[in-house]
Amino acid sequence: MAIRQDLAAEFMEIVDSLTMAITLDRERRRPLSYLTSGKDMSITAPPFLAPDMQVCQRSTLQDVHEELGDCQRCSLCDKRKNLVFGEGSCRAEVVFVGEAPGADEDLQGRPFVGRAGQLLTKIIEAMGLSRPDVYICNILKCRPPGNRNPLPEEIRMCEPFLVKQLEAIAPKVICALGTFAAHTLLKTDIPITVLRGRFHDYHGIPLMPTYHPAYLLRNPSAKKQVWEDVQQIMKRLDETKNVQRPEIQGE
Ligand code: URA
C-alpha cells in the first residue's frame, strides 16, 4: 500500500511538471512536438537538417574545431587542463551528447573516458556499434569546477559550437544523455523520466533522451529503460538504412 502511495505521488508529480511545462511552452510559443508520438516523425524523407540549419555552406568538424580554437570565451578556460571537443566519426549516424567533461575527460581531452564513459562504451557496443562508428560530445567543452552544473552563461557561449558540430555531422539520430543534455537541446524543463522513451524533434533530427550513464552507475535498475531507448534508436537506424544523407563539403 505504501509503495502504491509512493507511485501515485510520483505520478502526480510527473503530471504536475508536464502540465506546467506545457503551459510554459505554450506561453513562449515553443513547439509542443513532445506531445506527439515519435512514430509520427517521418522516416521516409527525414530532412536531417532543418531549413534554419541549411546555411549557405555547412562547415566541417575541422572548421568548427578551428573556429573554437583555444577557447577563452568563458571562465572555464582558466581551470581546464584540456578542452574536450568530441570524438568519433564525422559521418556518424548517431551522436551521443552528454553534459560536460569530468576529471578524467579534462585530463585526457576526450569525452566519456571515466567510469560513466566505460558504461557508455558498453551501451554503444551492445548496439552493435563501436566508439569510432558514432560521435560523442558534450553540451560544454570544458570541465565545470568540482563537476558543478553548467551555468547559463557557459551554455550560451558553448552551445553554438555543438549546434555546428551536429550540423556538420547531420546524424540520423541524436541521443541526449541525461537531464542536462535533454533540457538544453530541447529547450524544456520537463523531467527526463517523462522525456525519455520516445523521439523528440531537434531541428528535424530525431532526438532520443535517455538516462545518463553516471545515473545508471548509481541506479543500475534503470539500465533496462536505457536499453529500451537505445533499441528504438537501433530500429530507427535500420528503418533509415537506405535514406541518403547530405554530402559534406570537402569529402
Ligand atoms: N559525463 C559527461 O556528461 N560527459 C563526459 O564526457 C563524461 C562524463
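For ligands, and for the atoms within them, numbers begin at 1 and follow the listed sequence. All heavy atoms count here, side chains included; hydrogens, waters and symmetry mates do not.
- Between the side chain of Glu87 and the main chain of Ile136, no donor-acceptor pair closer than 3.5 Å is present.
- Those atoms of ligand 1 with a heavy atom of Pro111 less than 4.0 angstrom away are 6 (O).
- Between Phe112 and His212, the distance separating the two ring centers is shorter than 6.0 angstrom.
- Closest protein heavy atom to atom 2 (C) of ligand 1: Ala100 O, 3.2 Å.
- Residue Glu99 touches ligand 1 through backbone and side chain together, judged by heavy-atom distances below 4.0 Å.
- The shell of residues lying under 4.0 angstrom from ligand 1, judged by heavy atoms, includes His212.
- Considering backbone and side-chain N/O of Phe112, one or more are found under 3.5 Å from N/O of ligand 1.
- The nearest heavy-atom contact from the protein to atom 4 (N) of ligand 1 is Asn138 OD1, 2.7 Å.
- To the nearest 0.5 Å, atoms CG (Asp106) and CG (Asn82) are separated by 6.5 Å.
- By the 6.0 Å and 45° rule, Lys141 stacks over the aromatic ring of Phe85.
- Of all atoms in ligand 1, listed by their number and element, those nearer than 4.0 Å to a heavy atom of Gly98 are 3 (O).
- Between the CD atom in Gln225 and the OH atom in Tyr211 there is a gap of 4.5 Å [rounded to 0.5 Å].
- Under a 4.0 Å N-O distance rule, the pair Asp238/Lys235 does not qualify as a salt bridge.
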